[in-house]
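Residue numbering restarts at 1 for every chain, and letters A, B, ... go by the order of the sequence lines. Worth saying up front: this structure is predicted, and the values here are computed from it rather than measured.
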Amino acid sequence: MMKLLRKLLKKSHRRPSTEAPIKEAPNIPEGQLGTYAENVQQLKNVFKGCNDIKLRELQPGTLTNGTIFMVYVESLSKIDALEHGISFMHSLVQPPKNLRPNETTGSMEARKLPDFKSVVEWVLEGWSVYCLPNGEVYAVNTYLPPQRSIERSETEGIILGPQEAFNESIQTNLSIIRRRIKSTDLKVKAYKVGKYSQNWVAIVYMNHLAQSEYVQTLEERVQAINIDLIMDSGDLAQMIDDNPNSPFPQYHMTERPERIASHLLDGKVAVFVDGTPFVLSGPASFIEFFQTSEDYANRWAAASVIRTLRIVGVLISISLSALYVAVVTYHYQMIPTDMLISLTESRARVPFPPVLETMIMELTIELLREAGARLPAKTGQTIGIVGGIVIGQAAVSAGFASNILIISVALSTVASFITPSYIMSSALRAIRFGLIMLAGFWGLYGLFIGLLMMVLHFLRLTSMGAPYFSPFAPLRISDWKDTLIRAPLPFMKYRPTNTRPKDTDRQPFKKEATKRSIPTSATVDSEKGESE
Amino acid sequence: MVKRPFSKWGLALLCLAVLVTGCARQNILEDLGLVLAVGYDLADDGKLVLTVTMPEISREAQEKVQVITSKGDLSKEARENIAMSTDRQIVNGQLRTVVFSEKLARKGVWKTLDTILRDVNITSNVVVAITDGETRELLHTRFPDRPRIGRYLFELLRKEAKSFTVPRTNVHDFARLYYTRGADPYAPYVQLKNGAVRAAGTALFHRDRFVGSLSPEETKMLLLLQGKGQGGDIKHSFDTHNGKKEMVMLTFVRTNPKREIIVRPGKPVLVRYQVQVGGQVVEYTGDLDLTREKNKKIVEKSIEEGLSNRIIDLFEQLQHQYKSDPLGIGEAIRATGGYRPWTEEKWRDLYQNAEIEVKFDLRLVRTGMTK
């Protein structure tokens, strides 16, 4: 089957094009820097047709004493920063006389560029580039693009806890994390990904916690990406996944800084991508997608109840409609007699077999939901009314669906919203249709085959090589304190073992003696010797 | 490692899902005739008469229940005959009550119950009941306020079992007692009287043959000895010091029967029951002041005596009249280990001759509350 698919894909690739394909990104020419005139000429050639990139020749006497040629992307630069840059260049051309030894001429971040390729890169990066009369080329950081401010998270709302969310700028995002973890242990490794988009991708981790194996894996995978455009961390995640065909996300994807901060301190590795508020972290486990930072802000008893509720919600959302199909089609024995009679009464008017009935209703609900997600907020209200009245009332009275099915479909839809992670929730949404079909084919037997296959898939799935279904399989009882229940914080003395953090102690013990690592006799002796 | 998105097995399963679907037998709800109760009668020609009741679910229907009767040599054959006269697919999965007519039950019910036990669709929680008349008549009776007779019968027996006028047994209990050499099965007994269904005590069996029935009052005594009487009511009348007849209604608050089997060489087995009962007076017509300890003692003693007599009466019936052992005394004798090899003849013999001794220890824990 896959062979067939691949063949089809290949064929469509070979569609004849009128132009010869361009092998490389066109506008990064190789070459050394030459004299001033050569540089200017080459720059003018390169940026021909890019009207948003300003090419200005500053005549001597006006702003500077020599001729300076400057290139910058107008929309990415701050005007007063440009002023500073120009005066800085001016001081390079003609150093001020009253400068004391070792005194610099300003706090601008500037660097001398070695070759022409880097010139183009820095211009596109948003820095302003200056060609000096002596043939030297400098780049000055005047980067200040327009960006969204730090706002509340729309996709992952919480009630308790910090409300700020990441935004599209990687600098802002890194600054938020740096503000939360004031440690030199927080390492950031940046890479550029995307042939045309040239996104900054930062791999962030705690040096003394994260396994270097994971960091290395991520680095290798990120560097191996060869694509023209990275739109979001979501598509990046699919390129660095262990199993790209699995419906389930293998990296945690969140726009909440405190989640990422806590993940980093669990020994996980985070991936920041420029241009998206969503940050990846891994290795991820299945249960993690049902945790929120609110669970830790809330009291542990309440948080535990909510945790369990979420898991029940998952079971309901994936299997309730399928259960309805199975029971109504095959297993009438399972229902209490009184309920059976009322169920049969409502089913009696429906002309479709149960599978079809359920598929139609599920489809309708999915249509509504998708429409609600795409519509502007004001029109979204209409969808709610249409959905509630037309689908709920009219479908039943028209004999289109039984009212118990409506309840089950509505309940499973509501239950699917309980999953905090949108990406996991949509994966479970997709799974549901498969289970309904299986239940229609084979009844409960089929439903359980489907659920078992799902569990088997979980068991086989890994995230960056770490088991996805941990701590259930492989069984790690000590990690259960943060799964179906959220144990009181004093119980969480050790970090979760799934990420194999280098340092396991989360809360240091008061007494040295109770520490996990027992000192060897040699160290005890030496300590004694010192004290004496 | 190369990850294959569709493994060979996955593909095979997918194909199977499409190809084998036709093989699964669908029971789509609205096409089903759900049998809630069945009745078995014996026709004059020796054939089995089967009556089934199915709830009619469509709202337009005048009758809320469909009752069909058919004949056959075998119960499944009769079922096939019934299927011919309905548009629904007859299924057994919701069967809750099985009723036998006394006439059939006297010949033995096991052959018929066996197919019910073996049917995987039927729960083993099915109630087996015996009725004095024809089950056909019972199930064909229309109750305008209780449109579904099958359901009504089940609920009635379940409710009455809570006040111990009928035993709470199901087909599983029946089978267990049937297979035990040392106990006889028993089942609820229902009567159709003046157009009303009535729970009427216990049907007693000798092996699988119906031998007689106990009244609701006697049923309470039977269940009391099984330790199930808690919450049951009992009426007791007695003569007082001044020769007046007084009556007292008693609710058992707690019951604790103890059974002791004493094997005496050369003499019949002694079965000694010691029953501790805590009772609450709910109604009393006499004029003794029951709050006084002395008067209470008098009443307690009288009730104890009355209860003991009832139990002795009960055993008289069970041992000699019906030759049925619903209390499993035979099993208890076998458990003493003194009678090996154990045979049915030995059991019947020992049971019939066993000496029964009953000692009541009654305490009136509450003599009436005022609001």
Side-chain angles (χ1 to χ4, degrees), chain A residues 1-6 241-247 324-357 402 404 434 437-446 449-450 452-453 456-457 460-462 465, chain B residues 1-37 54-61 64-65 88-89 91-97 119-123 125 147-148 150-152 154-155 158:
Chain A
M1 188 137 174
M2 274 317 270
K3 262 186 193 165
L4 188 81
L5 260 170
R6 278 202 197 105
D241 264 351
D242 290 24
N243 182 355
N245 294 310
S246 167
Y324 169 86
V325 172
V327 163
V328 170
T329 318
Y330 297 98
H331 314 287
Y332 67 95
Q333 300 99 325
M334 283 181 58
I335 324 171
T337 313
D338 293 327
M339 190 187 165
L340 187 74
I341 288 168
S342 72
L343 187 61
T344 317
E345 262 171 13
S346 71
R347 265 292 299 170
R349 298 185 59 204
V350 182
F352 311 111
V355 196
L356 200 60
E357 181 199 8
S402 78
I404 292 183
M437 290 309 285
L438 279 174
F441 289 144
W442 294 329
L444 271 187
Y445 179 64
I449 281 186
L452 268 176
M453 274 171 60
L456 283 180
H457 176 67
R460 194 158 157 263
L461 202 58
T462 54
Chain B
M1 197 171 92
V2 184
K3 299 265 182 184
R4 282 170 307 169
F6 299 105
S7 68
K8 236 185 288 175
W9 288 108
L11 267 181
L13 211 69
L14 211 73
C15 294
L16 236 81
V18 180
L19 297 176
V20 180
T21 305
C23 299
R25 184 181 176 148
Q26 295 197 336
N27 300 316
I28 296 178
L29 269 191
E30 61 271 21
D31 303 337
L32 300 181
L34 303 162
V35 178
L36 289 188
M54 296 173 281
E56 179 54 57
I57 32 79
S58 74
R59 279 176 204 162
E60 296 82 32
K64 289 286 183 196
V65 67
R88 312 249 161 174
Q89 180 190 339
V91 287
N92 285 332
Q94 287 282 339
L95 185 64
R96 294 287 180 268
T97 323
D119 193 334
V120 285
N121 282 316
I122 300 177
T123 161
N125 206 14
R148 292 180 180 121
R151 189 94 196 113
Y152 176 40
F154 178 73
E155 298 285 347
R158 271 284 171 270

Chemist: Determine, step by step, whether A/Thr329 and B/Asn27 satisfy the side-chain contact (heavy atoms from CB on, under 4.5 Å) criterion, reporting the C-alpha distance in whole Å, the side-chain angles of both residues, the deciding distance to 0.1 Å, and the verdict.
Modeler: CA-CA 5 Å; A/Thr329 318; B/Asn27 300 316; over 6 Å; no
Chemist: Using only heavy-atom distances, determine whether the side chains of B/Gln94 and A/Thr337 contain a donor-acceptor pair under 3.5 Å.
Modeler: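 The answer is yes; a qualifying pair exists.
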Chemist: Does any backbone or side-chain atom of B/Leu36 lie under 4.5 Å from a heavy atom of chain A? Answer side chain, backbone, both or neither.
Modeler: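 Side chain of B/Leu36 only, per the 4.5 Å heavy-atom cut-off to chain A.
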Chemist: What's the spacing between A/His331 NE2 and B/Asn121 CG if we round to 0.5 Å?
Modeler: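 It comes to 11.0 Å.
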Chemist: Go through the atoms of B/Ile122 and report whether side chain, backbone, both or neither lie under 4.5 Å from a heavy atom of chain A.
Modeler: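 Neither part; nothing is under 4.5 Å.
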Chemist: Less than 4.5 Å to any heavy atom of chain A: does that hold for the side chain of B/Ile28, its backbone, both, or neither?
Modeler: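 It is both, since atoms from each part get that close.
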Chemist: At a heavy-atom separation under 4.5 Å, does A/Met437 approach chain B through its side chain, its backbone, both, or neither?
Modeler: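 No part of A/Met437 comes within 4.5 Å of chain B.
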Chemist: To the nearest 0.5 Å, tell me how far B/Leu32 CG sits from A/Arg347 CZ.
Modeler: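 B/Leu32 CG to A/Arg347 CZ: 10.5 Å, rounded to 0.5 Å.
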Chemist: For a quick test of reading the model, state the closest non-hydrogen atom pair linking A/Tyr332 to B/Asn92 and the distance between them.
Modeler: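 What the structure gives for the nearest pair is OH-N, 3.4 Å.
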Chemist: Heavy-atom pairs under 4.5 Å with chain B: which of A/Arg349, A/Met334, A/Gln333 has the most?
Modeler: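 Max contact count across the listed options: A/Gln333.
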Chemist: Nearest 0.5 Å, what's the CD1-CZ distance between A/Ile341 and B/Arg148?
Modeler: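 Here the interatomic distance stands at 4.5 Å.
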